[in-house]
Amino acid sequence: MIDLKLLERDFEQVAEALKKKRIDEKLLLKLKEVSGKVKEQKRLLESLQAKQNANSKLFPVYQKEGKDISQLKALLAQNKEQIAKEQEALRELEDKLYAIALNVPNLPDSDVPEGEDEEHNVELKRVLEPKAFDFKPKEHWELDAIEWIDFERGVKISKSRFSVLKNGASKVARALINYMIDFNESHGFSEYTLPYLVNAKALLGTGQLPKFEDDLFKIEGEDLYLIPTAEVPLTNLYQDEIIPKERLPLKMTAYSECFRKEAGSAGRDTRGIIRQHQFSKVELVSITSQEESDAVFNEMVECASDLLTSLGLPHRLVMLCGGDLGFSAAKTIDLEVWLPGQGRYREISSVSNTRDFQARRAKIRYKEGKKNILAHTLNGSSLAVGRTLIAIMENYQQADGTVAIPDVLKPYLEPKVKIE
RNA sequence: CGGGAGAUGGCAGAGCUGGUCGAAUGCGGCGGUCUUGAAAACCGUUGAGGUUAACAGCCUCCGGGGGUUCGAAUCCCCCUCUCCCGGCCA
């Protein structure tokens, strides 16, 4: 949630920043107005409550003195009625406030480039040269000689956009998960194993709800949803907590399956396993003080980039422009891996700093001296496992249709499995 | 899924015959005295959010929601969660 005090104090700054995310100033004006009304209503209600409290305390005194209390009683009964009325009014205003406020995205950082969509993202750097093939590289779903992915049977037992890995793909995917987690641990992230089902409060905390309910799989009759990313359980581990500052930054990593309805993705990436309803991912989440979030952000980007480099996968870093930035993010750097079959770079990781946006929703704070301060939360895919698998398949494919294995993965595939 | 007990401040744990209770006490934390230093002992301090120039005052919060009352942590109803017993199960 955005800072309503900032909105009140410096409307121009907020409006200017959110222009990058194409948020209409009118909406913000409305928000400011409602926020002001809430405050005013609260003041009114509180003065009535103060009166009620003060007068109620007179009862034991009057009784001791043997005074008549009937008049006082009548007075307070009347006041009570008014309190109920004003309380109802306040509730309505607050509902209105949250209905707007929870749907306003985070403010982009000042260094986020302007732009409509992904066309305007800014490439920061490229790492590793794509290697030259002396044959025409195939796309991953064309490498059918090795029988690594079974699309038809995945659909048969579930529905479209579900698939089955087998043979070498299963082995490599599992090796990747272990490798990534070990890699992250060596960079100071500690490992967690988490629930794949979380409640609405958690999803509200990280910003998936209330606005993006359509993208989530919900369990019927329960207050539970399948997680769209481990970011949700990981970040919310600390919801409603006040963390001593000395314990920051908290750096966490977790493997999980991710589940997304991808309601708006019809027709895109329908072939292969680029875009699935279920996919594996190793995630990074950090909770930091306000001062150190930039430094940790860079560490996370570097961690993901180095991981790709260690796997020998050419990739580039891209700074998202305002229009392409996610709802909760103040700043995002995507890592795009080179897919020779497609002949282009495709997103494989995305690292975001949400500043205090999620922390305000989830009430994640830290204590500095006597003060409680909203933390900064950051998240990033270490790497999406399925897409990494694709990248390995396409970048390491041989002329005969088999796939070589990156050296760093080999220890994770012992005892040797036959990969072909 | 059935039966029983419970949910209070960082933790433990009183209060629950309704009224100066945001809440005793212990532990922990912080500050101090003492000490070469530390421990012990002693003194003080120590929940969160909002309003505000203000750590003055005021309001809200004793799992969540609703009710009774002038007044509720305390009484009533609903929900959720936790623990114990049984059932089922990896």
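No hydrogens, no waters, no symmetry mates; every other heavy atom, side chains included, goes into these values. Convention: sequence-line order gives letters A, B, ...; per-chain numbering from 1.
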| request: Using the test ring-ring contact (aromatic ring centres under 6.0 Å, His included), find all partners of Tyr366(A) that sit at least two apart in sequence or belong to another chain. | output: none
| Who are the ring-ring contact (aromatic ring centres under 6.0 Å, His included) partners of Tyr192(A), not counting sequence neighbours? | none
| Pairing residues for Lys201(A) by the side-chain contact (heavy atoms from CB on, under 4.5 Å) criterion, not counting sequence neighbours | Asn199(A), Gln239(A), Asp240(A)
| said: Run the ring-ring contact (aromatic ring centres under 6.0 Å, His included) test against Tyr255(A) and tell me which residues pass, sequence neighbours left out. | reply: none
| task | Remember a base hit wins even if backbone is also touched, and classify Arg247(A) as base, sugar-phosphate or nothing at under 4.0 Å, heavy atoms. | result | nothing
| message | Once side-chain contact (heavy atoms from CB on, under 4.5 Å) is applied, do any residues pair with Asp294(A), and if so which ones, sequence neighbours excluded? | response | Asn353(A), Arg355(A)
N/O to N/O distances under 3.5 Å, protein versus nucleotides 10-12 of chain B:
none

| note | Contacts of Leu6(A) meeting side-chain contact (heavy atoms from CB on, under 4.5 Å) (sequence neighbours excluded), chain-then-number -> Asp3(A), Arg9(A), Asp10(A), Gln13(A), Val14(A), Leu107(A)
Atom pairs and distances, side-chain donor-acceptor, residues 214-225 of chain A, under 3.5 Å, sequence neighbours left out:
from: Lys218(A); atom 1: NZ; to: Glu222(A); atom 2: O; distance (Å): 2.6
from: Asp223(A); atom 1: OD1; to: Ala200(A); atom 2: N; distance (Å): 3.2
from: Tyr225(A); atom 1: OH; to: Glu213(A); atom 2: OE2; distance (Å): 3.0

| field | Span that lies between the C1' atom of G3(B) and that of C76(B), in whole angstrom | value | 24 Å
| Pairwise C1' distance for C55(B) and G47(B), with rounding to whole Å | 14 Å
With the criterion being N/O to N/O and under 3.5 Å, what pairs connect the protein with nucleotides 61-64 of chain B, and how long is each?
none

| message | So, using ring-ring contact (aromatic ring centres under 6.0 Å, His included) as the criterion, who are the partners of Tyr98(A) when residues are at least two apart? | response | none
| Per-nucleotide protein contact string for nucleotides 52-60 of chain B, where B marks a base within reach and S marks sugar-phosphate only (heavy atoms under 4.0 Å, - for neither) | S-----SBS
| Can you name the residues that form a salt bridge (charged side-chain N to carboxylate O under 4.0 Å, His left out) with Asp269(A), not counting sequence neighbours? | Arg275(A), Arg346(A)
